[in-house]
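See structure below.
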2 protein chains.
Amino acid sequence: MTEQPAPTTAAGDPATARGEQTRQLIRDTAMRLFRERGYAQTTMRAIAQEAGVAVGNAYYYFGSKDHLIQEFYAQSQVEHRAAAQPVLDREEAFGPRLAGVLHAGIDVLTPSHGFAATFFKTAAEPTSPLSPFSAESSGPRQAAIELFAEVLTGSTAKVDAELRPQLPELLWLAYMGVVLYWVHDRSPGQTKTRQLIDGVVPLIDRLVALSRLRVLRPVTQQVLDLIRTLRH
Amino acid sequence: MTEQPAPTTAAGDPATARGEQTRQLIRDTAMRLFRERGYAQTTMRAIAQEAGVAVGNAYYYFGSKDHLIQEFYAQSQVEHRAAAQPVLDREEAFGPRLAGVLHAGIDVLTPSHGFAATFFKTAAEPTSPLSPFSAESSGPRQAAIELFAEVLTGSTAKVDAELRPQLPELLWLAYMGVVLYWVHDRSPGQTKTRQLIDGVVPLIDRLVALSRLRVLRPVTQQVLDLIRTLRH
DNA sequence: GTCGGTAGTTGAACACGTTCAAGAAGGGCA
DNA sequence: TGCCCTTCTTGAACGTGTTCAACTACCGAC
């Protein structure tokens, strides 16, 4: 039921735990089949057969078919982080940094649009460990929020002192919104999602800048109070 | 597979189509069991047995277990409309009207919080006919948007002329956001969702009022352009 | 009244995700 | 080498949602 501790597999290291090979084999086979046939059309029996193991063996490593999704989730997060690095190195202004990181996220997801859309329904269920808000996803989620913290800290943007600590999580929330739109985006190449990013980033940028204005201080305060209340 | 035409069942009218009784029996049994045991724990066999029909018969009226959810969906929309009526009759200002209608929606959903949360995952899948954005749900969706149009038209609020036609759909979208929060809301009695409504309505109210300001005209324009682009 | 066609109904059968008791493989220790 | 314990592996079996060929009930037409 519980996950393996994943002993920091160094490149080419043969001294991994006994089952680590099998685990990766099953995971990679599943990812391939998901991409080839889609999530629903890929049966656990097919995954096991293609991987050359028994069905029960897959369940030794992954508690359920859904847990294989979580694997995809974590993997995407790592790829997103890597794809964002050049942007963080290159850009200095807040807007371009944010836009670049959002685009990088969609870049990473794009090859999986077909089946990612299908499985995002599981992520939406609150009781599921797969929900991006769940305790089980807190690892990848924290990593993602950290990425948006870097968007902020590395930028030249001047941000209201009270807003600053809340902002990374808010940006992550906005990213979740973008992903939600992307999942439903049927335009060719999901170009509308790109337009959404390019359209919404300047607005966020402007909003963040405005938050420091004396006149808008009460509103900013009101929003921040609300957010703090709604947090768990 | 397809739905029955639902021949406007007048109260006490015995001259309904032959299967209409069975259809309602199955639907009501399903709703009861969903509430009693939750969605996943209610099997199609249990529904059929409790309703006193064969399993296959349920599939004659409802294409799948998921389609029973759509029934719940439509039913909730009707109840929401009814629960909102007193508010629409009583309130004149935009803010209270909106708050009242949002609260009414949550009022209607509250008794089903346990199982509604579970099934909302199905609604999140873009390919599913159950998605609130899908063509199949366009009936209930249009009705819901119409409800928010009434919030606006009946109010004394002065709204930017260009924003006005877009606003009902935007308010509906905000309502979807509230519902999404509600689904994940684990606070006792979902009080946090109530706080969300009470906190966010004044913000929307203020934002709508501000949209008419000369200084903010470019921003309003920018937002409206973006929305029009992202629409299908 | 009987015939024919549509609407409604049945339950066994299928494929799937998941479980679990049983066993195999490996490695540390005497 | 022999033993034991943990880790890993197996595949039959269970309960589920869903399908479908067969059957029954009803109703209008003649």
Side-chain angles (χ1 to χ4, degrees), chain A residues 1-7 14-27 29-30 33-34 37-71 115 118-119 121-122 125 127-130, chain B residues 1-7 9 14-27 29-30 33-34 37-71 115 118-119 121-122 125 128-130:
Chain A
M1 188 211 307
T2 50
E3 301 290 304
Q4 252 48 33
T16 52
R18 261 209 286 153
E20 194 58 22
Q21 267 189 53
T22 313
R23 183 191 169 82
Q24 284 179 25
L25 175 63
I26 292 170
R27 190 196 59 191
T29 307
L33 292 184
F34 285 167
R37 317 179 182 179
Y39 180 69
Q41 284 69 41
T42 303
T43 68
M44 290 301 282
R45 284 169 178 80
I47 294 172
Q49 189 175 352
E50 290 261 326
V53 300
V55 150
N57 203 6
Y59 281 92
Y60 181 77
Y61 291 102
F62 304 96
S64 72
K65 194 183 175 186
D66 283 355
H67 277 74
L68 283 165
I69 291 179
Q70 207 163 22
E71 209 66 13
F115 90 89
T118 308
F119 81 54
K121 72 162 183 179
T122 319
E125 190 189 0
T127 59
S128 161
L130 277 133
Chain B
M1 188 210 306
T2 50
E3 301 290 306
Q4 251 50 32
T9 324
T16 52
R18 260 208 287 152
E20 193 59 22
Q21 267 189 53
T22 314
R23 183 191 169 82
Q24 285 179 24
L25 175 63
I26 292 170
R27 190 196 60 191
T29 308
L33 292 183
F34 285 167
R37 318 179 181 179
Y39 181 69
Q41 283 69 41
T42 303
T43 68
M44 291 300 283
R45 284 168 179 81
I47 295 172
Q49 190 175 351
E50 291 262 325
V53 299
V55 155
N57 202 6
Y59 281 92
Y60 181 78
Y61 292 101
F62 304 96
S64 71
K65 193 182 175 186
D66 283 355
H67 277 74
L68 282 165
I69 292 178
Q70 207 163 22
E71 209 65 14
F115 90 89
T118 308
F119 82 56
K121 71 163 185 180
T122 318
E125 190 188 1
S128 160
L130 277 134

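Proteins get letters first, then strands, A, B, ... in listed order; numbering begins at 1 in each. Since the model is a prediction, treat every value here as computed from it, not as a measurement.
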- prompt: Looking at OH of Tyr61(B) and CD of Glu71(B), how far apart are the two atoms once the value is rounded to the nearest 0.5 Å?
  reply: 13.0 Å
task: Rounded to the nearest angstrom, tell me the gap between atom CD in Gln49(B) and atom P in dT10(C).
output: 13 Å
message: Could you tell me how far apart Gln21(A) (CD) and dC8(D) (C1') are, to the nearest whole angstrom?
response: 13 Å
message: Would Thr42(B) and Phe115(B) count as a side-chain contact (heavy atoms from CB on, under 4.5 Å) here? Give the steps.
response: CA-CA 10 Å; Thr42(B) 303; Phe115(B) 90 89; over 6 Å; no
- prompt: Are the side chains of Gln70(B) and Phe62(B) in touch, meaning some heavy atoms are under 4.5 Å apart?
  reply: no
Whole-Å gap separating P (dA22(C)) and OH (Tyr60(A)): 19 Å
- line: Whether each nucleotide of nucleotides 11-20 of chain C has a protein heavy atom under 4.0 Å at its base (B), only at its sugar-phosphate (S) or at neither (-) is summarised, 5' to 3', as B-B--BBBB-
message: When you measure from the side-chain N and O atoms of Thr22(B) to the phosphate of dT9(C), is any distance below 4.0 Å, counting only OP1 and OP2?
response: yes
query: In Å and rounded to the nearest 0.5 Å, what is the OG1 to CG distance from Thr29(A) to Leu25(A)?
result: 4.5 Å
query: Could you state the NE2-C1' distance from His67(B) to dT18(D), rounded to the nearest angstrom?
result: 13 Å
message: To the nearest 0.5 Å, what is the distance between CG on Asp66(A) and OH on Tyr39(A)?
response: 4.0 Å
message: Expressed as a whole number of angstroms, how long is the span from Ile26(B):CD1 to dT9(C):C1'?
response: 10 Å
statement: Value for CE (Met44(A)) from CG (Asn57(A)), rounded to nearest 0.5 Å, stands at 10.5 Å
- line: d(Leu68(B) CG, Phe34(B) CZ) to nearest 0.5 Å is 5.0 Å
query: How far does OG1 of Thr43(A) sit from CD of Gln49(A), to the nearest 0.5 angstrom?
result: 8.5 Å
message: Using the rule given for side-chain contact (heavy atoms from CB on, under 4.5 Å), can you reason through Arg27(B) versus Arg23(B), listing the C-alpha separation, both sets of side-chain angles and the distance that settles it, and then say yes or no?
response: CA-CA 6 Å; Arg27(B) 190 196 60 191; Arg23(B) 183 191 169 82; 5.7 Å; no
query: Whole-Å distance between dT19(D) C1' and Phe62(B) CZ?
result: 18 Å
- line: Tyr61(A) atom OH is separated from dT7(D) atom P, nearest whole Å, by 11 Å
field: Axial bend angle, the helix from dG1(C)-dC30(D) to dA30(C)-dT1(D): five-pair end segments, nearest 10°
entry: 20°
